[in-house]
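Step one of this worksheet: look at the structure below.
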Number of protein chains: 2
Amino acid sequence: MKKVQKNNEADTVCAVDYAFQRIGGKHKGRVIYHLRGGVKRYGELRRSLTGITPKMLTQVLRELEQDELITRHVYLEVPPRVEYQLTDTGRELLPFIILLSEWGRKQMGMPSLYACQPELSSLVIETRE
Amino acid sequence: MKKVQKNNEADTVCAVDYAFQRIGGKHKGRVIYHLRGGVKRYGELRRSLTGITPKMLTQVLRELEQDELITRHVYLEVPPRVEYQLTDTGRELLPFIILLSEWGRKQMGMPSLYACQPELSSLVIETRE
DNA sequence: CTGTATCCTATGAGATACTG
DNA sequence: CAGTATCTCATAGGATACAG
């Protein structure tokens with residue numbers, strides 16, 4: 001529902017602003033980060049993203065979907081299964097998210113996760129974050 | 001004033017979350033981006049960051065200063081002069097902000113600014129953003 | 001020139017309960 | 001399992017005016 005561009009005046013659009021509107025907010029970055037390894041189900045995400053309420057998770061996923069950063073695939077089964085994964089556009093954000101995460105880890109005095117492993121997508125890391 | 005860590009429970013801190021808290025918000029990314037070229041004065045920033053109110057600019061600058069991402073240097077002159085610049089920690093965020101900006105430009109259908117120039121810090125780019 | 005001081009409002013986001 | 005539906009609240013952020 002959020003307008004990507006809501007600068008009211010003839011205000012020049014800034015790329016940094018634009019990008020932050022698409023990945024800003026409290027949870028979007030984390031969702032993208034947690035989808036770095038490939039497909040994940042709703043419940044998996046809910047468990048990974050500690051502290052998120054189902055309402056917020058759904059909302060964030062819908063926004064990311066509308067922005068074409070993730071795809072949503074519904075399987076008509078019982079019990080239902082819904083899978084999310086990054087689009088190509090979304091995947092282009094990964095280096096940035098990972099860089100940010102690395103910076104954050106460093107600032108927090110935590111060890112880097114990737115320093116020695118150039119291949120990221122194949123890693124399955126369960127540090128609960 | 002903002003607590004860097006305000007997760008109430010024994011909630012595990014996430015590096016991505018942490019980072020977003022430090023550079024999130026509507027203007028922080030832009031401020032960092034605009035300081036990429038070195039020292040800037042308050043008025044310069046105000047003119048660069050179209051649409052920002054003095055209150056918000058001051059607030060953002062103070063938060064970034066507290067977070068040790070920028071420094072503030074006051075010259076006791078008349079008229080007063082105050083200069084801001086990135087700290088080393090802040091500068092470490094530049095690759096990431098620039099990556100984000102490039103992504104945003106691409107998404108917006110704008111040409112890349114940096115594709116052919118590995119040296120960024122020396123560039124003086126006046127695209128008003 | 002470099003900010004403060006007020007006032008005000010939209011909305012991001014949490015808590016809780018319920019559903020196909 | 002994968003979500004909706006309400007209700008509520010704090011606060012990020014804007015407008016405007018003033019100040020050293």
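Sequence lines set the chain letters: A, B, ... in the order given, protein chains first and strands last, and positions in each chain run from 1.
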Without decimals, in angstroms, what is the distance between A:L61 CG and D:dT4 P?
10 Å
Can a side-chain donor-acceptor contact be found between B:Q107 and A:Y18 if the only test is distance below 3.5 angstrom?
no
Using a 4.0 Å heavy-atom cut-off, does B:R46 contact any base of the nucleic acid, only the sugar-phosphate backbone, or nothing at all?
base
Whether A:E63 and A:R22 form a salt bridge (side-chain N of Lys/Arg under 4.0 Å from carboxylate O of Asp/Glu) is what I want to check.
no
Side-chain contact test, heavy atoms from C-beta onward, threshold under 4.5 Å: evaluate it for A:R81 versus A:E83 and give yes or no.
yes
With a cut-off of less than 4.0 Å, is there a side-chain N or O of A:R62 near OP1 or OP2 of D:dT4?
yes
Kindly indicate whether the side chain of A:K55 and the base of C:dG14 share any N or O donor-acceptor pair separated by less than 3.5 Å?
yes
A:R105 (side chain) donor-acceptor with A:P111 (main chain) under 3.5 angstrom
yes
According to a hydrophobic-cluster definition based on side-chain heavy atoms being under 4.5 Å apart (Ile, Leu, Val, Met, Phe, Trp, Tyr only), do A:I32 and A:V39 belong together?
no
Report the distance from atom CG of A:L49 to atom C1' of D:dA2, rounded to the nearest whole Å.
15 Å
In whole Å, I'd like the distance from the CD atom of B:E63 to the C1' atom of D:dT11.
12 Å
For DNA chain C, which residues in residues 69-82 of chain B have a heavy atom at a distance below 4.0 Å?
B:R72, B:P79, B:P80, B:R81, B:V82
Compute whether any side-chain donor of one residue and acceptor of the other, for B:E68 and B:T87, lie under 3.5 angstrom apart.
no
